[in-house]
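Have a look at the structure below, then the notes.
Remember, predicted model here, so these are calculated numbers, not experimental data. Order of listing sets the numbers, starting from 1, for every ligand and every atom in it.
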Amino acid sequence: MSVGLDRGGAEAADAADPLRHWRDAFHHPASKDGDPLVYLCGNSLGLMPRTAATVVQQELDDWRTLGVEGHFHARRPWMPYHEQLTAQTARLVGAREVEVVAMNTLTVNLHLMMASFYRPTPDRHAILIEAPAFPSDRYAAVSQIAWHGYDPATALIEVAPEGGEETLDMERVVDRIERDGERIALVLLPGVQYYSGQTLDMARLTRVARERGCRVGFDLAHAVGNLPLSLHEWGMDFAVWCTYKYLNAGPGAVGGCFVHERHADTDVPRFAGWWGHDKATRFRMGPEFQAMRGAEGWQLSNPPILSLAPLVASMAIFDEVGMPALREKSLALTGYLERLLADRLAHAIEIITPRDPQARGCQLSLRVRRGNGRGVFDRLSDGGVVCDWREPDVIRVAPVPLYNRYADVYRFTELLAQAVE
Ligand SMILES: *Cc1c(COP(=O)(O)O)cnc(C)c1O
């Protein structure tokens, strides 16, 4: 049943939405005057789960009352704190438990993974990324190439949309990997491209790259919590993500990392720290590093408990709702936004995100066809919409199935119609 393109249609769809009560599990920002905002920015910073404060407060209380004993006797003991997240994270990304760990932040994890899986040689030292890649990813790749003594001008291969297209042509990316495969040490691509919102076929790209002998890593910053994932089956060597976007773990929260099981028992070269040491013997404080099996063996430090605590709150929600239900609503909600834009704003707004629902997550990237996109964005903000502006000329909106309503999407298109006039 398709949702009616009027306010009544949106309200009826909200009333029939089986996930509607999850909205109340989050705090919703309001304007200075106390008016509710239309928050469509979960792709940048997810909203705060109501349970987050309770979990953080518990850790503060345990620190206050227990001191160092909290490592063992806190309500959630700090020593194995990250282990609470292992099973849930594995389910969320379609991995085995040994393949995932919550640690560090995205760019740090990317460097740690490249220390292990970007092992350039004179014959094979290129890194293939997309263009325009998220700056941090490009900086990371370029600096790794240079750090190993190679020249980024020749060793960084960037695949860009061509011929006036906004999105990557999968066939061209595959061709490029096949053509240049022998000199590519690492293929590093996004699960969902941050600017266009395009989803890449991770299974196929991984297969092609591995057939050519390349290592493969994915940046899942915009994919995790947005799309169902099957990382183990797809078989990439590693993946990294942050948890403050769709996963709602709060600003700068601890990120996540996947290392495929085929690397779990090997002594892959790495940068080591004591938290990656076999936990059975860690506190013998011996001089020789012995890695834990799997992704945990890449941990460096004992983790920041206060930044893991909100992730504990948020992951419990994801685990209860499950990605299949979220994806089902997401397809409907983003589809509704697309239909409203086509119906009312086709003359003024171009959607650069793929129109095929299977080739995108919840985000739509919009370009104002005529005139001043930035001005339209500013008027939207003044009208109470929270979305984001990405240079040079794109407004990104992300109706998040966990806490956004059809009524939010409807209200957004009303305000957008006013803003473009
Ligand atoms: C959000 C995002 C990042 C952020 O990196 P941090 O290390 O968490 O600051 C990096 N890469 C991509 C593609 C992103 O979308």
Side-chain angles (χ1 to χ4, degrees), residues 40-47 85 89 93 100-115 118 127-144 156 158-161 167-168 173 186-200 202 205 216-227 229 231 236 238-258 271 298-301 303-304 306-308 310-311 314 352-353 360-365 386-391 394-398 400:
L40 297 174
C41 211
N43 56 338
S44 187
L45 188 75
L47 290 180
L85 295 161
T89 305
V93 301
V100 295
V101 65
M103 63 178 188
N104 309 314
T105 47
L106 192 159
T107 309
V108 173
N109 287 335
L110 187 52
H111 275 297
L112 291 178
M113 289 294 104
M114 286 201 274
Y118 173 56
I127 300 181
L128 180 138
I129 64 173
E130 97 280 20
F134 192 88
S136 199
D137 301 54
R138 193 178 189 281
Y139 303 154
V142 166
S143 63
Q144 285 273 341
L156 187 72
E158 299 181 88
V159 286
T167 52
L168 290 167
V173 181
L186 176 67
V187 171
L188 177 63
L189 289 168
V192 175
Q193 216 282 338
Y194 84 100
Y195 188 77
S196 68
Q198 177 184 15
T199 301
L200 302 191
M202 291 179 257
L205 290 165
V216 198
F218 278 89
D219 182 328
L220 303 181
H222 285 268
V224 73
N226 183 14
L227 295 173
L229 302 169
L231 302 189
M236 57 277 281
F238 70 85
V240 293
W241 58 90
C242 51
T243 60
Y244 47 80
K245 291 171 178 163
Y246 295 109
L247 293 185
N248 314 314
V254 171
C257 189
F258 163 91
F271 292 163
W298 270 266
Q299 295 172 103
L300 297 180
S301 300
L306 296 178
S307 335
L308 268 175
L311 184 58
S314 175
I352 70 170
T353 306
R360 67 187 186 207
C362 70
Q363 170 187 324
L364 293 185
S365 302
V386 185
C387 54
D388 75 12
W389 171 256
R390 278 290 169 267
E391 294 291 346
V394 157
I395 296 171
R396 302 187 307 172
V397 279
V400 167

Could you check ligand 1 for N or O atoms lying under 3.5 Å from protein N or O atoms and list the pairs with distances?
| from | atom 1 | to | atom 2 | distance (Å) |
| --- | --- | --- | --- | --- |
| ligand 1 | 5 (O) | Thr107 | OG1 | 3.4 |
| ligand 1 | 7 (O) | Thr107 | N | 2.9 |
| ligand 1 | 7 (O) | Thr107 | OG1 | 2.6 |
| ligand 1 | 8 (O) | Tyr244 | OH | 2.6 |
| ligand 1 | 11 (N) | Asp137 | OD1 | 2.7 |
| ligand 1 | 11 (N) | Asp219 | OD2 | 3.2 |
| ligand 1 | 15 (O) | His222 | NE2 | 3.0 |
| ligand 1 | 15 (O) | Lys245 | NZ | 2.5 |

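- Remark: side-chain polar atoms of Gln193 are paired, donor with acceptor, to backbone N or O of Pro132 under 3.5 angstrom.
- Using modelled atom types, no side-chain atom of Ser307 and backbone atom of Ala253 make a donor-acceptor pair closer than 3.5 Å.
- Between the CG atom of Leu112 and the CH2 atom of Trp298 there is a distance of 10.0 Å, given to the nearest 0.5 Å.
- A 4.5 Å side-chain heavy-atom check between Leu220 and Leu231 finds at least one atom pair inside the cut-off.
- Within the 3.5 Å criterion, the main-chain N or O of Thr107 finds no donor-acceptor partner in the side chain of Asn109.
- Side-chain N or O atoms of Arg138 include none that pairs as donor or acceptor with a backbone N or O of Ile129 at under 3.5 Å.
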